[in-house]
Structures are given as structure tokens and as C-alpha cells.
There are 2 protein chains.
Amino acid sequence: MPEPVEYFNSAISVNCAVFAYDKADENLKILLIHREFDPYKGLLALPGGLVYPNESLDNAVENIVKSVTGIDYFYSEQVRAFTDTNRHPSGRVVSIAYLCLVNLKDVNLTNSSFAISPEWYPIHEKPNLVFDHDHITDTAYQRLQNDLRIKPLAFELLNSKFTLPQLQTLYEVVLNTQFDKRNFRRKLAYMDYIEDTKEVQKYNLYRPAKLYRFNHEKFSIMRKKGSLFSI
Amino acid sequence: MPEPVEYFNSAISVNCAVFAYDKADENLKILLIHREFDPYKGLLALPGGLVYPNESLDNAVENIVKSVTGIDYFYSEQVRAFTDTNRHPSGRVVSIAYLCLVNLKDVNLTNSSFAISPEWYPIHEKPNLVFDHDHITDTAYQRLQNDLRIKPLAFELLNSKFTLPQLQTLYEVVLNTQFDKRNFRRKLAYMDYIEDTKEVQKYNLYRPAKLYRFNHEKFSIMRKKGSLFSI
DNA sequence: ACAAAAGTGTTGACATTACACCCATGC
DNA sequence: GCATGGGTGTAATGTCAACACTTTTGT
């Protein structure tokens with residue numbers, strides 16, 4: 001197919017559904033920002049932005065999340081492209097959505113050049129967003145729910161040392177289900193890459209819980225041997 | 001974020017991984033074309049093309065597959081976006097990949113304005129393709145393998161009336177596994193939306209197999225009731 | 001009658017669920 | 001010593017995998 005210039009006048013954007021888990025109030029939260037510029041200046045949206053023609057999307061996602069949260073390294077995966085012709089008032093803008101997971105305690109929310117007043121919202125109290133960002137959010141949340149059961153993503157949302165009650169509550173909150181405590185723990189006991197740190201939780205009111213650690217190296221060795229993660 | 005024109009000089013393309021199942025030689029096949037234009041004129045590629053700024057991607061996919069195969073309605077789903085900055089020599093072209101499933105007997109391969117000499121290739125004898133189309137093909141095939149187990153996609157690849165041996169062989173070929181005949185058939189027996197047509201296969205050498213039909217309406221009622229498809 | 005593929009049930013192994021009490025700690 | 005959440009095993013059930021013979025048809 002010949003490529004007349006008229007094809008080269010679309011724009012690419014990324015939008016990031018950034019999730020964090022708040023142990024304090026046991027809520028899954030999503031990061032929303034107020035748009036600094038038109039269209040929809042001042043209104044709530046997912047963090048994101050247009051991508052330079054020579055910029056990689058991974059780079060764009062890193063920059064966006066880092067500029068808002070201050071975090072350097074975090075889990076991210078592409079969800080899918082959102083391509084409705086009329087999704088953006090300024091022209092043809094295809095948005096590639098990313099699911100990002102961060103640890104709340106590493107986050108330092110700051111205004112950036114394109115995102116003011118970033119804030120965490122419990123996923124079930126999310127206000128309406130601009131563009132098709134409600135749809136993107138729903139799709140990303142479904143992906144998170146799906147992937148949480150088959151990939152070790154929970155550990156991206158917790159501190160490197162965590163307790164089993166914390167882990168179980170995280171699963172229950174994100175998946176909106178209940179797990180039997182003993183069955184849940186038995187399943188984890190088979191996962192050799194979840195290690196007892198021999199430490200216990202500090203500063204808690206009653207019996208302190210043991211702290212565990214997710215060993216990424218052991219997990220990737222296990223995975224190469226064909227062992228699958230499943231909750 | 002302000003939107004200077006420099007953002008609006010990327011192009012969007014779709015690429016279609018079109019799969020069909022050939023009962024005759026029991027192969028899963030993928031549709032490849034020779035490119036009519038530069039870059040890579042004459043070389044093998046996935047069917048696809050640049051998308052007009054006001055054109056929906058679903059439309060683009062339909063046009064492409066119809067122009068090559070003559071088929072009007074077929075199953076398709078987005079796989080994901082391929083976005084490497086250097087994937088296309090003519091500039092920034094983001095490709096959105098689609099998985100398409102067609103019934104071989106409905107197909108009439110014809111040259112089109114952008115695709116010459118379309119041909120079916122057994123997926124395991126696929127030659128190397130241009131751009132990142134090998135990568136796209138791998139990803140789409142993995143998606144097909146994954147979805148075949150949890151969505152009723154096999155019926156998109158078979159005639160509306162099919163036999164259980166055909167269905168089982170299709171699963172075995174696409175997933176590259178073996179199933180126990182009795183276990184496989186028991187699983188299907190629980191699916192009320194797979195109906196006995198009371199007809200049998202004609203013109204076959206030995207004992208004729210019963211013909212079944214996938215009832216889409218019954219399936220979507222079942223699914224609404226929460227029943228999940230699984231092989 | 002024979003060759004070839006279609007069709008059919010049962011059993012054991014394993015995985016999943018349901019369920020109730022003792023333990024460790026801070027106050 | 002009491003209040004609270006942390007931590008532990010067993011039995012029943014359901015699911016999945018293994019397995020061999022009879023039936024139907026065309027020639």
C-alpha cells in the first residue's frame with residue numbers, strides 16, 4: 001500500500017491505570033489526576049499523555065508514572081488499544097492503555113507539567129472521568145482481577161515483607177471474594193518462593209503475624225520448570 | 001497537555017492474523033499475502049494496512065479480511081498494539097493486531113489492491129515475514145491457544161454442523177496436545193448448547209459420525225447465568 | 001466377514017472445600 | 001486474665017485422568 005502523507009496525521013497516547021493497595025483502609029486505589037490543559041482542563045482523568053513520534057511507549061509510561069508518583073521501577077503491562085474515532089476532540093488519537101502496579105509507601109504524589117492534584121481514589125468510589133477513561137479503567141481493573149490469580153502481582157502491591165493476613169485481605173479486596181484462611185495458607189505453603197523471613201510484624205495490637213518475602217529469583221526458576229502460579 | 005501539530009504525525013495500521021482450520025490435512029492455517037507496495041514489496045506479510053484518520057479499526061479489519069477472503073462476517077478480537085519506534089521504515093506506525101477466525105469453506109482467496117497472491121500456510125510451516133509480523137503472529141497464535149480453552153471459538157473454525165471427532169482433532173491440532181476421547185466427549189455432553197442435529201456425516205468410508213451444532217443463543221443465555229466455557 | 005473409525009462407563013488419584021479450636025501478644 | 005487477631009489439620013466432596021471393548025458402516 002502506498003503511504004501518502006494523509007495517513008501520518010494521527011497521534012498516539014498512553015494512559016496508565018495505576019493501582020495501589022492501601023493496607024490502612026483495606027482498599028484498592030487508582031491514581032487520578034486533574035488535567036492541566038484543554039481539552040477537559042481541570043477535569044479528572046487517568047494519567048497519560050501524547051507520545052512523541054520517536055518515543056517508546058514503555059518510556060512514556062515510565063515518565064508519566066514517575067513524574068506523578070516519584071517511583072522509578074514498577075510493574076506495567078499493556079492492556080489494549082482504545083481506538084474509537086471520536087474518543088478525542090482534537091483529532092485521531094489512539095490510546096494504548098497500561099496497567100501499572102505500585103507500592104503505596106514508595107509514592108510521593110506531586111504535580112507535574114500535565115497533571116495537577118493527583119489523588120488516590122478507592123476503585124469503587126471512582127468518579128466519572130473524561131474521554132473514554134471510565135471504559136479504560138474498567139478494562140484495566142478486569143485485567144488486574146484476571147492476572148492476580150495467575151501471576152504473582154499481589155507482591156507488587158505489598159511491601160517486600162508482608163504477612164499472610166495482609167496478602168489474603170488484598171486478594172479478597174481486589175477480587176471481591178472471600179477465601180478460607182486455612183485453604184488459602186495451604187496453597188501458599190506449597191510455593192517455595194514465598195519465604196518465611198523469621199521476623200514478625202511490629203507495633204501491632206495483638207499477636208504479631210509472621211513476615212514473609214516473595215523471592216523473585218526462585219519464582220522465575222520455578223516458572224522455567226513449568227510450575228504455574230495460581231490462587 | 002498542549003497538542004502541537006508535531007504529535008499528529010503518526011500512522012495507525014491494523015494487521016490481521018487470520019486463522020482457518022483445514023479438515024482435509026488437519027492443519028491450522030494462517031493467511032499470508034505478498035505485499036503489493038513498498039516497503040518490502042512482494043515479500044510475505046500479514047494482511048493489513050494503514051487506517052484512515054476517520055476510519056474505525058473494526059471497519060478496517062472487516063475490509064481487509066473481506067477483500068482477501070470474500071467473507072462478510074467473521075470472529076475478530078483485538079490482540080494488542082505493537083508500537084516499537086523502528087518497526088516501520090516510513091515513520092511512526094503503530095500496528096493494532098487482530099485475531100480473526102474464518103471457516104475455510106467460505107473463503108475465496110483473491111488479489112486485492114494491496115495484497116497479491118494470498119495463500120494459506122500451516123502455522124508450523126510459516127516462512128519469515130516482514131516488519132515485526134513474526135512477533136505479531138506468535139502473539140496472536142498464543143492468544144488463540146489461550147482463548148480456545150475458555151471461549152467457544154472452535155465453532156468459528158468449523159462448519160455449522162460438525163462431528164465430535166472433527167472437533168476433538170481441531171483442539172488437538174491447535175493446542176498441540178492429545179485428549180482422551182471419552183473424557184473430551186463427556187465434557188461436551190454437559191454443554192446443552194451443543195446440540196445433536198440427528199443427522200450423520202455423509203460420504204465417509206466407515207461408520208458415519210453424528211453431526212452436532214453449536215447453538216449461539218443457548219450459549220449466550222447460559223453465559224448470562226454465569227456458566228463458563230472450558231475445555 | 002472384515003477393516004476402520006465411532007461411540008460408550010467405571011475406577012482411582014488428586015484437588016478443593018468445609019469446618020472449629022488453640023496460640024501468642026498487649027494491655 | 002482477657003480481648004483480639006494469628007495460626008493450625010482432617011474428613012468429605014467433587015473434579016480429572018486413565019483405561020478397553022462394542023457398534024456401525026462400506027466394501
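All chains are named by letter (A, B, ...) in the order of the sequence lines, taking the proteins before the strands, and each is independently numbered beginning at 1.
Taking each heavy atom of H34(B) and G42(B) in turn, the nearest pair found is ND1-O, 2.9 Å. When all heavy atoms are compared, the tightest approach of E119(B) to L109(B) is CA-CD1, 4.0 Å. Closest approach of P165(A) to R185(A), counting heavy atoms only: CD-NH1, 4.1 Å. In this structure, F131(A) and R35(A) approach most closely via the heavy-atom pair CE1-NH1, 3.4 Å. Between V18(B) and W120(B) the shortest heavy-atom distance is O-CZ3, 3.5 Å.
For the segment residues 202-214 of chain B, the set of residues with a heavy atom within less than 4.0 Å of an atom of DNA chain C comprises Y206(B), R207(B), P208(B), A209(B), K210(B), in numerical order. Within residues 158-180 of chain A, the residues approaching DNA chain D are P165(A), by heavy-atom distance under 4.0 Å.
Ring-plane geometry between F214(B) and H216(B) is classed as perpendicular, the angle between the planes exceeding 60 degrees on a 0 to 90 degree scale with a lower cut at 30.
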Would D72(A) and K66(A) count as a salt bridge (Lys or Arg N to Asp or Glu O under 4.0 Å) here? Give the steps.
CA-CA 6 Å; D72(A) 271 310; K66(A) 177 164 187 179; 2.6 Å; yes

Are F179(A) and T177(A) close enough, and set up right, to give a side chain to side chain contact (heavy atoms under 4.5 Å, CB included), and what steps lead you there?
CA-CA 7 Å; F179(A) 291 93; T177(A) 48; 3.5 Å; yes

Side-chain donor/acceptor pairs under 3.5 Å, residues 222-231 of chain B, sequence neighbours excluded:
none

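For the residue pair Y193(B) / E195(B), no side-chain donor-acceptor distance below 3.5 Å is found, with atom types taken as modelled. N146(B) and R143(B) are not linked by any side-chain donor-acceptor pair at a separation below 3.5 angstrom, with hydrogens and angles left out of the test.
Atom CG of D196(B) is separated from atom C1' of dA6(C) by 13 Å (rounded to the nearest Å). Atoms OH (Y190(B)) and P (dG14(D)) sit 12 Å apart, rounded to a whole Å. In this structure, K181(A) atom NZ and dA20(C) atom C1' are separated by 11 Å, rounded to whole Å. Computed from coordinates, the R182(A) CZ to dA18(C) C1' distance equals 8 Å when rounded to whole Å. Distance Q201(B) CD to dA4(C) P: 18 Å, rounded to the nearest Å.
For the helix from dA1(C)-dT27(D) to dC27(C)-dG1(D), the axis fitted to the five pairs at one end and the axis fitted to the five pairs at the other end meet at an angle of 0° (nearest 10 degrees).
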Write down the protein N/O and nucleotide N/O pairs, taken from nucleotides 15-17 of chain D, whose separation is under 3.5 Å; answer none if there are no such pairs.
unit_1	atom_1	unit_2	atom_2	d
dA17(D)	N7	N183(B)	ND2	3.4

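Taking F162(B) as the reference, F155(B) meet the ring pair (Phe, Tyr, Trp, His ring centres under 6.0 Å) condition, with sequence neighbours excluded.
Y21(B) places a side-chain heavy atom less than 4.5 Å from the side chain of L158(B).
For R185(A), a side-chain nitrogen or oxygen approaches OP1 or OP2 of dG7(D) to under 4.0 Å.
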